[in-house]
Amino acid sequence: MKFSERLYEKLQPIWRKNHTHPFVQGLGDGTLDKEKFRYFMIQDYLYLIDYAKLFAIGAVKATDVETMGKFAGLLDSTLNEEMSLHRQYAKKFGITEEELENAEPAPTTLAYTHYMLHVGQNGTLADLLAALLPCMWSYWEIGKELNEIPGARDHEFYGEWIQMYSSDEFGNLAQWCINLLDELTDGKKEEELEKLEEYFLNTTRFEYLFWDMSYHLQTWPKDE
Ligand SMILES: Cc1ncc(C[n+]2csc(CCO)c2C)c(N)n1
């Protein structure tokens, strides 16, 4: 069995929990409070900045030129395409460039991105992939599921988001990471696979916490 098949089976219950979170459901049926999405967009912008750094670390840890080039391409498209799309989309919600640039990460954003960066910086390329994969894989699954809901992809506010994450282009990217992780784990010892499973499990849990943080507009405790 491929390692990704083992992950897929094992993590179904958490994935169901992610997909049925009221934030995700609200994106699909169009009832999500715009204030919650606005909050999500700002935190997600901060998330993307650190996520892009994972691709840079991937290029450093890769052991062949082709994989290095792929990570370099992902870094370039995240920074120069995806983030500029994010800024344009944010405008629709009345979020200014200054607001994005001056935003502070909420506790969950900080914990999630720092966890991934810690694993990426200190581990192997397989460790890095296990930590970054739930982000891509779960968004692809969610995008495809929401795309099936009649009218969802044409929704005035959330349609573009659904179109982006259900696209084949995005799917190919997720599939490339899945295939690379399968290659790197082929023939590896059970002990090594369990460690990778733990990274994957933790960032899958963080995906849930990110939806939940956005739904509840999480802030740091106020003491001033
Ligand atoms: C919390 C959170 N999790 C996952 C994604 C999805 N995502 C972020 S970067 C990237 C790779 C392609 O550039 C993908 C799929 C997100 N936006 N926010």
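Ligands are counted one by one from 1 in listed order, and the atoms in each one are counted from 1 as well.
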Among W211, Y208, W15, exactly one meets ring-ring contact (aromatic ring centres under 6.0 Å, His included) together with H21. Which residue is that? Y208
Could you walk me through whether M136 and Y51 pass the side-chain contact (heavy atoms from CB on, under 4.5 Å) test, one step at a time? CA-CA 11 Å; M136 293 208 200; Y51 199 84; 3.6 Å; yes
Using distance alone, with no hydrogens and no angle criterion, decide if N202 and Y115 have a side-chain donor and acceptor under 3.5 Å apart. yes
Full working for side-chain contact (heavy atoms from CB on, under 4.5 Å) between F210 and F23: CA-CA 10 Å; F210 207 90; F23 191 102; over 6 Å; no
One finds that the ligand 1 atoms under 4.0 Å from a non-hydrogen atom of L173 are 12 (C)
Closest to atom 7 (N) of ligand 1 among C135, P134, A174 (heavy-atom distance): C135
Which heavy atom of the protein is the closest neighbour of atom 2 (C) of ligand 1, given with residue, atom name and distance? Y139 OH, 3.1 Å
Counting heavy atoms under 4.0 Å, the part of L74 that contacts ligand 1 is neither
Do E183 and N179 have side-chain atoms, one donor and one acceptor, less than 3.5 Å apart? no
For ligand 1 and Y165, I'd like to know whether there is a polar contact (N/O to N/O, distance under 3.5 Å). yes
If you count the atoms of ligand 1 from 1 in the order shown, which ones are under 4.0 Å from a heavy atom of F170? 15 (C)
Indicate whether the side chain of H19 and that of E141 have a donor and an acceptor atom separated by less than 3.5 Å. no
Numbered atoms and elements of ligand 1 in range of T78, under 4.0 angstrom, heavy atoms: 13 (O)
Hey, which atoms in ligand 1 end up nearer than 4.0 Å to a heavy atom of L48? 8 (C), 9 (S)
Give the residue, atom name and distance (to 0.1 Å) of the protein heavy atom nearest atom 18 (N) of ligand 1. D44 OD1, 2.5 Å
Assess, by modelled atom type and distance only, whether the side chains of D182 and S4 contain a donor and an acceptor separated by less than 3.5 Å. yes
Ring of W140, cation from K144 - is the NZ or CZ under 6.0 Å from the centre and inside 45° of the axis? yes
Run down the list Y112, Y47, Y51 and name the one with the heavy atom closest to atom 11 (C) of ligand 1. Y51
Please state which option from E207, M41, E81, E82 has its nearest heavy atom closest to atom 12 (C) of ligand 1. E82
